Undergrad: 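Submitted below is the structure of interest, expressed as structure tokens.
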Number of protein chains: 2
Amino acid sequence: MTIAFASRKNVILYMKTYRRGTMAIGIKDIARLAGVSTATVSRALSHPGRVSPETRAQVMAVVEEHDYRVNSFARSLRVRRADAVLAMVPNLGNPFFSEIIAGIQDGLTPAGLDLLVTDSLSQQARRQSPVTHLQAARADGLICLDGALPAGILDDLAAGDVAGRVVFACEWPEGRGFPVVRSDNRAGMALAVQHLVGLGHRDFALLTGPEGNVLTRERREGAEAALAQAGLSLPPSRIAGGSFEIRDGFRAAGDLMRMPSRPTAILCSSDQLAIGCISGLSELGVRVPQDVSVVGFDDIALAAYSCPPLTTIRQDRRRLGRIAAERLLSSLSGKPPAETLTTLPVEIVVRRSTAAASKAVK
Amino acid sequence: MTIAFASRKNVILYMKTYRRGTMAIGIKDIARLAGVSTATVSRALSHPGRVSPETRAQVMAVVEEHDYRVNSFARSLRVRRADAVLAMVPNLGNPFFSEIIAGIQDGLTPAGLDLLVTDSLSQQARRQSPVTHLQAARADGLICLDGALPAGILDDLAAGDVAGRVVFACEWPEGRGFPVVRSDNRAGMALAVQHLVGLGHRDFALLTGPEGNVLTRERREGAEAALAQAGLSLPPSRIAGGSFEIRDGFRAAGDLMRMPSRPTAILCSSDQLAIGCISGLSELGVRVPQDVSVVGFDDIALAAYSCPPLTTIRQDRRRLGRIAAERLLSSLSGKPPAETLTTLPVEIVVRRSTAAASKAVK
DNA sequence: CAGGTCGATGTAAACGATTGCTATGCGATT
DNA sequence: AATCGCATAGCAATCGTTTACATCGACCTG
């Protein structure tokens, strides 16, 4: 059985050799077969009301018989519209984004648009920016899930020729005025804090995402504000993290527990962080939730089945994607943007990683 | 002088804008500004060797200055090539596929191809099949991760005009002769069985995926064959499951433990099943791995952090995607397919969900 | 019955690139 | 000196649609 084979050679061969071999059937053939002009075929297909019922039926019969499809390039070239949208994620391999992508697809499908995807790394590899796709007319619009684009690209995205064709979702660059669709990160953290305070916790820690990320900031601020309201605060020594990844949750758990005074409740900026954190805690013999309570953020599918099942903040990622797509569509159709910031509600789902603060904590 | 030049350029641009009502700059503009013909611009861009160094530099300068991009539709129309590939997954929201998609992107990027994605549901919603995209020239090829396409669509995919433009990855329809890239499912299950037999286990159970799925079949067969080799067998009452989802693992755990005689080792056809299963077992007070050992399949990111960390069969999904992309590229370039079935090796990663069979089992 | 309206269709010009031919200029070969 | 070859660049056809405009009856109206 074979394992793999040289790729570079294929690439070169592809670039040099490939031509679409088969001669596809075109509108002219249909016209001839149906005994009408190409204009009539085109109209029968895209403006059925503009041709007589008999002609339409006749054309359709031929179209069906030969399984004809309009060549999308010729069409797009003529109408100057790609009928496609590009979604750019920081990392395609990160499962966190898959549901947002699915939501985008949901939003695009009713409008008959296609979905192109790419990730920031591949773009860099090709020395391209998503702007290229727009300029090359390959996509009508862009939904960007990466809030950390370089300034130069952001400038391009704000420039005249792509204005109104970009929506940010989930993450976004600050102070740029792009339309964005996001979850209510502050409210989410507030929910988490209130839940834990209600359980009697007074000693909090926070696991944050990467430095400079908007979500990191909003979630931290949300936590701090809610804690302040409860008369509590979050000393810097109680803030750890540095990415949304599992392994940092694991690592941070160790760091936190090594401190002289231990928190009884840990707020995590992602479920991955929370799962890593719990894993790290159990490694240290710290029990969740008996010794410390942990709450996550996102409510990924596995959250309900981790052990213990994770108390977390649910954000509806699918909906977020769909709404981003809808906003883009509306913006593409020339409608003036309603507001630039759309904030989606979140909710807390209480499972078993949180419990009343233990009285006997040191 | 610079001023004069700039203003003339602006006038030209303005006139163009005014006339056409669009801001896109075209090859004609570049040609005019560089003082050459469009043919030369085109050649400077795509066959740099065919123009003199001076001309090329001159053209490039103008191209850079105006940030010109070739209109991909005009180009695709002319060269009859989309430079894009469609990936079709059963369900975009399922994170299992995200890494395969990332791998596909990896394979496509060096060749400069774009990636379109869609899922089976959206296709149905639009009453389209992936064939449509190929016929409409929207994509050069298709990578299909859905092995359960209706027969009619499979017929279309095998038909003349799309022949050689399809590769199946991960899953595939049987008895059709399409090129397939897959993991070595049988060997994977054999690895799992051997590991457990080595730990002294004699009482096995198997959690399967959906009925009719190739992966379900191959993994079951792999398990059965390896067990047979060890002189063991798998009675029907020890086979449960019905999907790759977490919740079915959870449910199946209950079913299995309700049987009069309990297995000491559970083979799961996916990590999700395994995680659900462990969750279900712990619900019933059954400890993993002390009471029963569980092994998963896939090695998803969370597998290392579940509790206990999951012993599982790793399949390199990213590589699988990349190789599928490379096979498609090679096939598009007209090379005769080497062999239709490419099988990727898997390996077992032993963590803590498996242990020696307890002597004291009832 | 002349003139006007309207609906259905055809004609042909875009859309923006690529590329087979052809023309030109210039150095090398015989 | 005449010819050949080659590198370079332009001309114009072409890719497969859509759509503005023209055409042509049929029907209506005064």
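Chain letters run A, B, ... following the sequence lines, proteins first and then strands; every chain starts at 1. Please read all numbers here as calculations on a predicted model, not as lab measurements.
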Undergrad: Verify, without hydrogens or angle tests, whether A/Arg322 (side chain) and A/Asp106 (backbone) share a donor-acceptor contact under 3.5 angstrom.
TA: no

Undergrad: Taking C-beta and beyond as the side chain, do B/Leu149 and B/Pro173 meet within less than 4.5 Å on heavy atoms?
TA: no

Undergrad: For the pair made of CG in B/Asn71 and P in C/dA17, what is the distance, rounded to whole Å?
TA: 5 Å

Undergrad: Round to the nearest Å and state the distance from A/Gln58 atom CD to C/dA8 atom P.
TA: 15 Å

Undergrad: Mind calculating the distance between CD1 (A/Ile27) and C1' (C/dA12) to the nearest angstrom?
TA: 14 Å

Undergrad: Once you round it to whole Å, what is the distance between P of D/dT18 and CZ of A/Arg50?
TA: 13 Å

Undergrad: Using atom NZ of B/Lys28 as one end and atom P of C/dC15 as the other, report the distance to the nearest whole Å.
TA: 6 Å

Undergrad: If we ignore angles and hydrogens, is there a donor and acceptor under 3.5 Å between the side chains of B/Ser37 and B/Thr40?
TA: yes

Undergrad: Mind checking A/Val36 for me? I need base, sugar-phosphate or nothing, with any heavy atom below 4.0 Å counting as a touch.
TA: sugar-phosphate

Undergrad: Between B/Thr38 and D/dG10, does any side-chain N or O lie under 4.0 Å from OP1 or OP2?
TA: no

Undergrad: What's the closest nucleotide to the side chain of A/Arg43 if the choices are C/dA8, D/dT17, C/dG10?
TA: C/dG10

Undergrad: Without swapping roles, check the side chain of A/Asp140 against the backbone of A/Ala82 for a donor-acceptor pair under 3.5 Å.
TA: yes

Undergrad: Ignoring hydrogens and angles, does a donor from either the side chain of B/Arg78 or the base of C/dT18 sit under 3.5 Å from an acceptor on the other?
TA: yes

Undergrad: With hydrogens left out and only the distance checked, is there a donor-acceptor pair under 3.5 Å joining A/Arg75's side chain and the base of D/dT17?
TA: no

Undergrad: Name the nucleic acid region contacted by A/Ser42, choosing base, sugar-phosphate or nothing; use a 4.0 angstrom heavy-atom cut-off, strictly under.
TA: base

Undergrad: Does A/His47 have a side-chain nitrogen or oxygen under 4.0 Å from the phosphate oxygens OP1 or OP2 of D/dT19?
TA: yes

Undergrad: For a quick test of reading the model: is some side-chain N or O of B/Tyr68 closer than 4.0 Å to OP1 or OP2 of C/dA17?
TA: yes

Undergrad: Can a side chain N or O of B/Arg80 be found less than 4.0 Å away from OP1 or OP2 on D/dG16?
TA: yes

Undergrad: Using the closest heavy atom to pick a nucleotide of DNA chain C for each, name whichever of A/Val79 or A/Gly35 lands nearer the 5' end.
TA: A/Gly35

Undergrad: Without decimals, in angstroms, what is the distance between B/Ile30 CD1 and C/dG16 C1'?
TA: 13 Å

Undergrad: With heavy atoms under 4.0 Å as the rule, sort B/Thr55 into base, sugar-phosphate or nothing.
TA: sugar-phosphate

Undergrad: How close or far is atom C1' of D/dA13 from atom CG of B/Leu77, stated in whole angstroms?
TA: 13 Å

Undergrad: Using a cut-off of strictly less than 4.0 Å, decide whether B/Ser52 has a side-chain nitrogen or oxygen near OP1 or OP2 of D/dA9.
TA: yes

Undergrad: Between C1' on D/dT18 and CZ on A/Phe73, what's the gap in Å once rounded to a whole number?
TA: 17 Å

Undergrad: Is any side-chain nitrogen or oxygen of A/Ser37 closer than 4.0 Å to OP1 or OP2 of C/dT11?
TA: no

Undergrad: Compare the minimum distances between each of D/dT19, D/dC15, D/dT8 and the side chain of A/Ala39, then state the nucleotide with the smallest one.
TA: D/dT19

Undergrad: When rounded to the nearest 0.5 angstrom, what distance separates CG in B/Leu113 from CG in B/Leu328?
TA: 8.5 Å

Undergrad: Report the residue from A/Val59, A/Leu33, A/Val62, A/Leu45 that forms a side-chain contact (heavy atoms from CB on, under 4.5 Å) with A/Tyr68.
TA: A/Leu45

